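Throughout, residue positions are numbered sequentially from 1 according to the sequence presented. Small disclaimer: the values here were computed from a predicted structure and weren't measured.
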Amino acid sequence: MKKWILALSLASGVLALSACNQSGSEKVAESKVGDVTQDELYKTMKDKYGEQALQQLVYEKVLSKKYKVTDKELNDKIAQLKADLGANFETTLAQYGYKSEADLKKTMKLGMLQEKAALKDVKVTEKEMKDYYDNYKPEIKARHILVADEKTATEVKKKLDGGAKFEDVAKEYSTDTASAQNGGDLGWFGAGKMDPDFEKAAYALKVNEISAPVKSQFGYHIIQVTDKKEKKSYADMKKEIEYQVKSSKLKSDDINKAMQNELKAANVKINDKDLKDALKPQASAAATGQ
């Protein structure tokens with residue numbers, strides 16, 4: 001998860017304060033030892049988050065005039081994130097400071113707009129795309145039971161071969177506590193997402209087949225593949241392949257350069273002297289988390 005998904009909630013908070021800042025002396029909080037005025041709160045937030053918030057607000061206005069992110073594109077991105085994180089999705093949102101999925105979507109959309117602005121200048125060849133297709137492995141869905149030693153792994157395999165339910169054995173034995181609570185389920189994943197030894201063994205299995213103990217850097221796994229996606233034709237996948245190959249070439253400098261070009265084309269000027277450096281390249285790099 002990129003760091004650019006962190007910032008928009010800060011931006012919206014400062015914007016809200018700015019919009020209602022008609023009476024700066026209005027009391028936000030009162031106490032016997034002193035009050036906190038709207039001016040004081042706004043200044044504190046501006047000092048702490050002003051540059052970051054301004055970056056996000058300006059980027060959104062500039063980019064949304066030229067690029068579009070459809071609801072389907074956004075929902076697909078969120079769905080992929082859910083698949084990648086599995087049972088850890090909600091925990092990860094909380095870790096990154098998001099109150100809800102809707103909160104995440106706001107900033108995810110801005111990141112996708114930045115990506116579109118940068119990708120338009122990235123070139124790919126037909127050979128690069130066909131090479132990607134030849135090496136592409138469709139996603140699989142799997143579950144596992146992770147234990148510390150081969151002896152325990154063999155014991156687990158024997159229980160499963162004897163008819164024990166995979167989810168019950170996972171909850172009893174697996175040291176991967178996050179997946180164990182979901183019966184060992186790891187969700188959907190593709191090539192390069194897992195430990196190489198784990199991945200090799202998983203991709204070699206047929207649907208519903210249970211592996212022998214598989215050693216990885218984390219311990220010993222008993223793996224079961226529960227579903228597999230079919231590999232589509234090159235023609236059907238071409239648009240997605242082009243995106244994936246372009247994305248793999250995208251560097252932080254490309255994104256920063258694209259953003260500077262977009263700001264220049266929109267003739268953006270900062271009138272607040274305290275925030276005059278907010279849109280300089282180094283500040284932009286920090287905002288996007290590249």
Got more than 12 heavy atoms from elsewhere within 6.0 Å of [atom1], [X]?
| X | atom1 | value |
| --- | --- | --- |
| K276 | NZ | no |
| K48 | NZ | no |
| K165 | NZ | no |
| K228 | NZ | yes |
| D71 | CG | no |

4.5 Å side-chain heavy-atom contact, [X] and [Y]:
| X | Y | answer |
| --- | --- | --- |
| I78 | M108 | yes |
| K68 | L113 | no |
| Q114 | L63 | yes |
| K157 | I210 | yes |
| I241 | Y234 | yes |
| F189 | K141 | no |
| E115 | S247 | yes |
| D47 | D274 | no |

Rounded at 0.5 Å granularity, tell me how far [atom1] in [X] sits from [atom2] in [Y].
| X | Y | atom1 | atom2 | result |
| --- | --- | --- | --- | --- |
| E242 | K238 | CD | NZ | 8.0 Å |
| D236 | E230 | CG | CD | 13.0 Å |
| E128 | K123 | CD | NZ | 12.5 Å |
| M112 | L119 | CE | CG | 10.5 Å |
| T175 | H221 | OG1 | NE2 | 8.5 Å |
| Q55 | L279 | CD | CG | 6.5 Å |

What are the two closest non-hydrogen atoms of [X] and [Y], and how far apart are they?
| X | Y | result |
| --- | --- | --- |
| A212 | I222 | C-CD1, 4.0 Å |
| D176 | H144 | OD2-NE2, 2.9 Å |
| L250 | A118 | CD1-CB, 3.7 Å |
| K246 | V124 | CG-CG1, 3.6 Å |
| P138 | Y203 | O-OH, 2.7 Å |
| S179 | L186 | CB-CD2, 4.1 Å |

Quick check against the 3.5 Å criterion: does E199 have a side-chain atom that pairs as donor or acceptor with the backbone of G192?
yes

Using only atom types and a distance under 3.5 Å, with no angle test, would you say the side chain of S248 pairs donor to acceptor with the backbone of V245?
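Indeed, once roles are kept as given, a pair shorter than 3.5 Å links the two residues.
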
Step-by-step side chain to side chain contact (heavy atoms under 4.5 Å, CB included) determination, V225 to N208
CA-CA 5 Å; V225 170; N208 295 325; over 6 Å; no

Path from [X] to [Y] over hydrophobic side-chain contacts below 4.5 Å:
| X | Y | result |
| --- | --- | --- |
| M259 | I270 | yes |
| L110 | V69 | yes |
| F218 | Y173 | no |
| L275 | V268 | yes |
| F89 | W188 | no |

Quick test of your reading of the model: are [X] and [Y] salt-bridged, counting only N-O distances below 4.0 Å?
| X | Y | value |
| --- | --- | --- |
| K193 | E139 | no |
| K72 | D76 | yes |
| D197 | K215 | no |
| K120 | E262 | yes |
| D272 | K46 | yes |
| D131 | K127 | yes |

The test is salt bridge (Lys or Arg N to Asp or Glu O under 4.0 Å); show your working for D185 and R143 and say whether it passes.
CA-CA 4 Å; D185 185 34; R143 54 186 181 177; over 6 Å; no

Taking it one step at a time, do E240 and Y132 satisfy side-chain hydrogen bond (donor to acceptor under 3.5 Å, both in side chains)?
CA-CA 11 Å; E240 172 64 16; Y132 178 94; 5.8 Å; no

Exactly one of K43, Q38, M45 should register a side-chain contact (heavy atoms from CB on, under 4.5 Å) with L41. Which one does?
M45

Pair K280, D277 - check salt bridge (Lys or Arg N to Asp or Glu O under 4.0 Å), show working.
CA-CA 5 Å; K280 286 187 176 180; D277 295 329; 3.1 Å; yes

Residue from K105, K239, K116 passing salt bridge (charged side-chain N to carboxylate O under 4.0 Å, His left out) with E73
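With E73 as partner, K105, K239, K116 yield a single salt bridge (charged side-chain N to carboxylate O under 4.0 Å, His left out), made by K116.
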
